[in-house]
Each structure stands twice: as structure tokens, then as C-alpha cells.
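None of these values were measured; they are calculated from a predicted model. Naming convention: chains lettered A, B, ... in sequence-line order (proteins, then strands); numbering from 1 in each chain.
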Amino acid sequence: MSASAIIMLIFGVIIYVGGISLCLSIAKKHNKEKQNTCE
Amino acid sequence: MEIREKWDSRTAFIMASVGAAIGLGNVWRFPYVAYDNGGGAFLIPFFIALLTAGIPLMILEFSLGRKYQAGAPTAFAAVKKKTEWVGWLALFAVMMIFLYYPTIMAWCVNYIVHSLTLKWGADPNHFFVNEFLRKSIGPSVLGSIRWPIVIGLGIVWTAIYLILRKGVKVVGKVVKWTVAIPWAILIIMVIRGITLPGAGEGLNFYLKPDFSALLDAKVWLAAYGQVFFTLSLAMGTMIVYSSYLPKKSDVNNNAFIISLANSGTSFFAGFAVFSTLGYLAQTMNVSVPEVTNSGIGLAFITYPTAIRLLPFAGAVFGVLFFIMLLTLGIDSAFSQVEPFVAGFTDKWNLSKKWVLRIVCLGGFIIGLIFTTEGGFHWFDILDHFTCSWGLTIVGLLECIVIGYIYKTDKMRKYVNSISEFRIGKWWDFTIKILTPLILGISLILEIYSMVTDGYGGYPAWATTIGIIVVAILIVMSFVMMKIKARKENK
């Protein structure tokens with residue numbers, strides 16, 4: 001694989017894995033806050 | 001009056017929506033579109049299109065369903081009575097899709113069995129076209145029914161009925177499998193693919209960026225088109241799925257998670273496809289573009305060719321590949337039936353079980369047309385007009401109704417009040433201007449191409465029938481709007 005193809009591979013991984021991880025961490029944080037409020 | 005069903009958990013809703021969005025196109029369309037539109041550079045317009053059209057439209061559909069707790073027609077009627085027909089049009093468009101889509105699942109059922117003996121032999125093209133489909137010379141010759149496909153179709157419709165009859169709680173349980181299984185198989189296919197000789201060359205064709213393509217308007221239109229069709233938007237599915245959410249459920253974050261999971265799967269599927277194509281090209285001593293294919297050709301001709309040439313366990317990978325396609329498609333298939341059934345039960349308070357029985361039986365009987373020797377042609381024609389015309393019109397109308405009749409700022413305030421993070425005024429811009437503009441341009445180009453070149457080399461009378469079908473769907477939508485709802489309707 002060429003270097004430019006590998007760069008695009010890394011770009012794709014960052015976008016999708018990074019994006020989903022960020023969204024899930026927001027959901028987790030929100031759940032925690034909700035639980036604390038209920039308690 | 002029945003109490004509206006609810007998802008068991010947020011995970012069930014996300015998995016069901018991901019299952020609805022991820023379908024065959026993620027495997028057989030995205031990798032080819034990316035390769036054909038700048039390779040790795042295509043990821044840039046695709047991601048921008050996702051942020052500026054796909055996710056905003058998904059937020060729109062989720063907020064409609066969530067706010068009005070109803071399927072598409074009732075939700076649009078709640079926005080303004082005279083826009084109810086937009087919801088019906090979405091349902092009739094999806095009805096056309098679920099009439100022919102299970103036929104592909106039926107092919108997969110057959111190919112799982114054929115994989116055991118690699119029945120397609122040295123010429124998968126001849127086997128698929130002449131022995132399996134026995135494709136007729138044109139749409140005017142329907143020929144006889146292909147019974148192996150009918151059996152497959154029966155199995156698929158029975159599965160759809162059994163999954164949907166117990167309501168969304170069972171759907172929530174089933175999708176955990178129908179989403180997890182194709183993901184697991186995809187991982188196996190990628191590992192198998194990238195360890196084959198020639199895989200690197202194939203992946204080079206998939207990912208090597210051609211940044212000059214970013215200056216081509218066609219590439220951007222392809223990116224927006226791919227985003228629009230891959231997320232199962234404008235079908236009423238996302239509206240009805242979000243209508244089963246409990247009150248105060250998030251919308252914005254869910255839309256981002258589902259869209260990213262769907263697009264990430266497409267990106268990942270490209271590795272399985274192009275690594276295998278690289279191997280195939282090397283084995284056949286040709287260049288990768290010569291073996292590159294998309295759609296049905298990729299799944300039923302190119303991939304079986306590669307499977308046969310695998311150094312070992314070809315049958316195992318064949319079975320796995322078609323199980324992957326079947327499970328990818330089945331949750332999309334029942335997500336198409338659900339909004340259609342909900343549209344009727346919401347408006348007229350009908351028994352869901354009876355509506356479902358009639359829809360499944362009717363779907364199977366009408367679907368028999370696509371199991372004939374000429375069925376492939378009709379499948380191709382109806383697929384083109386339903387997707388390229390029908391869904392684009394629905395998407396465009398959705399933007400106009402929420403953007404200019406309901407007003408986006410009102411919907412944005414509502415959706416921000418229940419979501420885990422807020423969306424800004426950029427969302428208003430995408431719904432009012434950008435998305436309708438892109439969809440409008442795509443529709444005009446489609447119509448222009450139809451008028452000048454026709455479609456797929458089919459005779460004018462056949463494509464005219466395709467256009468008439470779209471026109472009938474629009475008329476039917478108005479008729480449904482005019483029929484009064486039952487008073488005890490929720």
C-alpha cells in the first residue's frame with residue numbers, strides 16, 4: 001500500500017472510531033449526571 | 001386505544017436504527033463509489049456530506065417521530081394537516097422497496113446452499129444469469145417462476161412476519177444478532193482478505209487519494225447521494241423507530257452515533273471487498289479495475305469468482321459471505337415493513353397483527369413477479385425509479401415541510417431541550433437550503449438523464465411504467481390523506 005493510501009486509512013479510522021467514541025463518552029457522562037441527580 | 005410500544009433500552013433503539021441503515025449498499029455500493037470518485041480522497045466529501053445532510057436529516061426524522069409519537073403520515077399531519085401526504089408518500093416509496101428487496105434476500109438464501117458445493121463453478125456469471133435467474137431477454141418476457149427463489153422468498157417473508165408480530169421489544173432483541181453477526185463476519189472477511197496475496201494492490205485502488213477529484217462537482221453529488229441512500233432516510237423508518245422512544249430520550253447524540261456507525265461499517269467493508277479484488281486481479285493476472293464491480297454483479301459474480309479461487313476453505317467463506325449479506329439485508333427489510341404497518345395502525349387504529357399479516361402475505365404474493373425469469377428487469381427498473389426519484393422527492397419535501405412550514409428554529413429548540421448536546425443554527429441552514437438544494441439538483445439531473453438517455457437500455461414503454469408508478473404513488477398519498485382517521489386515534 002502506498003503512503004498516501006495509509007494516511008487516508010488513518011484518517012478514516014480517526015473519523016469513525018474517534019467520532020463514535022466521543023459520542024459514546026457524551027452519552028456515558030450524561031447518564032452519570034442523570035443518576036447523580038436522581039440520587 | 002392501544003398504548004404505544006416502547007423500546008426496551010436505548011441500545012435496542014440504536015441497534016435497530018443501525019440495522020435499518022446498514023444494508024447491502026454498505027458492502028456492495030460504498031467501496032465502489034469511493035473507488036470511482038477519488039479513492040481515499042472521497043472520504044472528505046463523504047464526511048462533509050454526512051455532517052451537512054445525512055445527520056441533519058436524521059435529526060429531523062428522529063425529532064418528528066419523537067415529538068408526535070407516531071408514524072410518518074400522522075406525524076406530518078400533526079405538523080400541518082395538508083402535509084400528511086408527504087408521510088404517505090414515504091410509506092408508499094418504502095412499500096415499493098419492500099416488494100422487491102426480499103428477492104435479493106431470497107437469492108442469498110439460495111447462494112448459502114450453493115456455496116457448500118461452490119455450484120457456480122468456473123463461470124459464476126453464466127451460472128447466475130443463465131442457470132440461477134434464467135434471465136429473460138427483456139422486461140416484456142416474464143417467463144416462468146423460478147421455484148428455488150420462491151422458496152427463498154417464502155423463508156424471508158416468514159422471518160419478517162415472525163420478527164415483527166410481537167412488536168418492537170422482539171425487534172430490539174433480534175437486531176442485537178442481525179447487527180452483530182454481519183459485523184463479526186465482516187471482521188473475518190477483512191482478516192481473510194488482507195492476508196491474501198495482492199490485497200495491498202487492491203487496497204491501494206480503494207484508498208489512494210486523487211485530490212483533484214475534489215474539484216469535480218459530480219464527486220460531491222455522488223457523496224451526498226451515497227449519504228442520503230445509505231442512512232435509510234425518507235422511508236419513514238427513522239420516524240417510526242424514534243416514535244417508540246420513551247419521553248425525554250436523546251435525539252442528537254443518537255443520530256450522530258447511528259450515522260457514524262453506519263458510515264464506519266461502509267468504510268470497513270471496503271477493506272474486505274478491495275483486498276479480495278486485489279487477490280482476484282493477481283490470480284487472474286489482470287489489473288484491479290478490470291475485476292472491480294459493484295451491486296449485484298459484485299455480490300453474485302465477482303465475489304463468487306474470488307471465493308472459488310481461494311487457496312483453502314472457499315465453501316466456508318462463501319457460506320459466511322452470503323450469511324453476512326442475508327443478515328445485513330434482513331433488518332433493513334423488516335425496518336421497511338414496520339413504518340408501513342404503523343402508518344395504517346396509527347391513523348385508523350387497526351389491529352397491528354392483522355395489518356402485518358396482510359402486508360406480509362401481499363408482499364410475498366406481489367414479490368412473486370420478481371421471482372420470474374423477467375423479474376430481474378422489473379426489479380432493476382422499479383429500484384431505479386423508487387430510489388432515484390421517489391426517495392429524493394420525499395427527502396426534498398421533508399426539508400420543505402420542516403424548514404418552511406413548521407420552521408426549523410422551533411424544531412431545533414425542541415430537539416435541543418431533550419438531547420445530550422445542542423445543535424446550532426447550522427442545522428437550520430442545512431435543512432432549509434443545503435439539503436433541499438442538493439436533492440433538487442440530483443432530481444433534475446436524474447430527470448434530464450432519463451429524458452436524454454433513458455435508463456439501463458430498457459425500452460421507453462418499460463421506463464414509462466416506472467415513471468407512472470411514481471406518479472401513482474403520489475396520487476395514492478393524496479387519497480390516503482383524504483380518507484378520514486378514526487376518532488379514537490391517538
Point-to-point distance, once rounded to the nearest 0.5 Å, from [atom1] of [X] to [atom2] of [Y]:
X: A:Lys28; Y: B:Glu420; atom1: NZ; atom2: CD; answer: 13.5 Å
X: A:Ile20; Y: B:Ser263; atom1: CD1; atom2: OG; answer: 8.5 Å
X: A:Tyr16; Y: B:Ser259; atom1: OH; atom2: OG; answer: 10.5 Å
X: A:Ser2; Y: B:Phe205; atom1: OG; atom2: CZ; answer: 10.5 Å
X: B:Asn253; Y: A:Leu24; atom1: CG; atom2: CG; answer: 7.5 Å

So what's closer than 4.5 Å to chain A heavy atoms on [X]: side chain, backbone, both or neither?
X: B:Phe268; answer: neither
X: B:Tyr206; answer: neither
X: B:Phe42; answer: neither
X: B:Ala41; answer: backbone

Q. Which one, B:Gly278, B:Gly202, B:Pro209, B:Ala261, leads in non-hydrogen pairs under 4.5 Å with chain A?
A.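 Highest number of pairs under 4.5 Å: B:Pro209.
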(Q) Check whether B:Asn204 reaches the backbone of A:Met1 with its side chain - one donor and one acceptor, N or O, closer than 3.5 Å. (A) no
Q | Other residues, nucleotides, ligands: >12 heavy atoms within 6.0 Å of B:Trp177 CH2 | A |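 Not more than 12 within 6.0 Å, no.
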Q.
Could you check whether atom NZ of B:Lys208 has more than 12 heavy atoms from other residues, nucleotides or ligands sitting under 6.0 Å from it?
A.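 Atom NZ in B:Lys208 is not packed in, count stays at 12 or less.
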Q) What's the shortest heavy-atom distance between B:Phe271 and A:Leu9, and which atoms? A)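 Answer, listing the atom of B:Phe271 first, then A:Leu9: CE2-CD1, 3.5 Å.
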Q) Between A:Cys23 and B:Phe256, which heavy-atom pair has the shortest distance, and what is it? A)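 In terms of heavy atoms, the two residues are closest at SG-CB, 3.6 Å.
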**Q.** Partners passing side chain to side chain contact (heavy atoms under 4.5 Å, CB included) against A:Phe11 (at least two apart in sequence or in another chain)
**A.** A:Met8, A:Ile15, B:Leu43, B:Ile44
Q: Output all residues satisfying side chain to side chain contact (heavy atoms under 4.5 Å, CB included) with B:Arg29, sequence neighbours left out; order by chain, then residue number.
A: B:Val33, B:Gln226
